[in-house]
Amino acid sequence: MASARPEITAALMAETGLDEAILRDLMHRFYDRVRADPLLGPVFAPRIADWPRHLERMVDFWSSVALMTGRYHGAPMPAHAGLPVTWAHFDRWLALFRATAEEICPLAGAALLVDRAGRIARSLHR
């Protein structure tokens with residue numbers, strides 16, 4: 001894994017128990033659940049044609065968010081603007097994310113990810 005800040009990344013990995021393999025597993029399992037979800041699946045299905053590419057992008061995003069690797073280069077706000085979603089969609093997304101993170105990640109890593117996911121959801125919802 002390449003990191004723009006290797007010392008910070010190493011410290012965060014030690015502190016949270018997170019690593020690239022865990023984040024990859026998290027994203028794959030989480031988005032399997034999202035795709036099967038009756039509320040969220042119909043939002044994602046018509047918008048994402050290349051799931052492998054999207055999942056790698058999400059791994060890069062969460063690697064940057066959780067481990068400060070700086071691997072994600074994008075603009076999440078414009079990508080989510082105008083989606084046909086309400087807070088119920090974000091709430092369901094967060095519930096699935098929390099459940100998946102708590103199953104896969106070490107306790108400290110799950111807590112960090114769930115906290116960051118909540119902040120991101122609130123920001124995107126505004």
Side-chain angles (χ1 to χ4, degrees):
M1 164 202 55
S3 174
R5 304 166 199 90
E7 298 83 16
I8 294 172
T9 298
L12 284 166
M13 290 172 75
E15 182 181 319
T16 64
L18 296 173
D19 61 25
E20 293 296 315
I22 291 170
L23 293 174
R24 181 166 279 102
D25 190 26
L26 173 64
M27 289 298 101
H28 283 258
R29 287 194 203 185
F30 169 65
Y31 279 104
D32 282 348
R33 291 174 180 179
V34 165
R35 293 169 78 181
D37 188 79
L39 180 64
L40 299 176
V43 174
F44 283 82
R47 290 168 179 83
I48 299 175
D50 185 348
W51 274 98
R53 184 171 174 251
H54 181 73
L55 290 171
E56 285 308 307
R57 192 161 172 83
M58 293 301 92
V59 172
D60 287 348
F61 175 81
W62 284 100
S63 177
S64 291
V65 168
L67 301 176
M68 301 293 291
T69 60
R71 287 199 350 235
Y72 176 80
H73 303 285
M77 293 300 215
H80 292 86
L83 289 177
V85 296
T86 65
W87 181 251
H89 293 88
F90 285 100
D91 196 43
R92 180 67 182 148
W93 187 93
L94 285 168
L96 290 176
F97 190 91
R98 181 180 305 108
T100 310
E102 289 174 352
E103 287 173 16
I104 293 172
C105 303
L107 188 59
L112 173 75
L113 291 168
V114 169
D115 176 67
R116 300 275 168 86
R119 291 178 193 203
I120 292 165
R122 286 186 296 277
S123 178
L124 289 174
H125 182 253
R126 286 186 225 143

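For this chain, numbers begin at 1 and follow the sequence in order.
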Exercise. When rounded to the nearest 0.5 angstrom, what is the spacing between CH2 in W62 and CZ in R116?
Worked result: 8.5 Å
For this session: Find the distance between CE (M58) and CE (M27) and round it off to the nearest 0.5 Å.
Result: 8.0 Å
Exercise. Do W93 and F90 have ring centroids that are under 6.0 Å from one another?
Worked result: no
For this session: Would you list the pairs meeting salt bridge (charged side-chain N to carboxylate O under 4.0 Å, His left out) in which at least one residue belongs to residues 42-58, sequence neighbours left out?
Result: R24-E56
Problem set entry | I120 side, atom CD1; L94 side, atom CG - distance, nearest 0.5 Å | 9.5 Å
Exercise. With a 4.0 Å cut-off, would you call D25 and R29 a salt bridge?
Worked result: yes
Problem set entry | Flag, side chain of S123 to backbone of R119, donor-acceptor distance under 3.5 Å | no
Seminar exercise, completed: With sequence neighbours left out, the residues meeting side chain to side chain donor-acceptor pair (under 3.5 Å) with R122 are none
Exercise. Do R33 and T100 have a side chain donor and acceptor closer than 3.5 Å?
Worked result: yes
Exercise. Which of parallel (below 30°), tilted (30 to 60°) and perpendicular (above 60°) describes F30 and F97?
Worked result: perpendicular
For this session: Please test E20 against T69 for side-chain contact (heavy atoms from CB on, under 4.5 Å), starting from the C-alpha separation and ending with a verdict.
Result: CA-CA 10 Å; E20 293 296 315; T69 60; 4.2 Å; yes
For this session: For E102, enumerate each residue passing the side chain to side chain contact (heavy atoms under 4.5 Å, CB included) test, keeping only those at least two apart in sequence or located in another chain.
Result: R98, A110
For this session: Could you tell me how the ring of H54 sits relative to the ring of W51: parallel (under 30°), tilted (30 to 60°) or perpendicular (over 60°)?
Result: perpendicular
Seminar exercise, completed: Distance col, row R71:CZ vs S63:OG, nearest 0.5 angstrom, shows 4.0 Å
Exercise. Is there a donor-acceptor pair under 3.5 Å between the side chain of R35 and the backbone N or O of G41?
Worked result: no
Exercise. Tell me, do L18 and M13 make a side-chain contact under 4.5 Å, heavy atoms counted?
Worked result: no
Exercise. Can you find a heavy atom in the side chain of L67 that is under 4.5 Å from one in the side chain of L23?
Worked result: yes
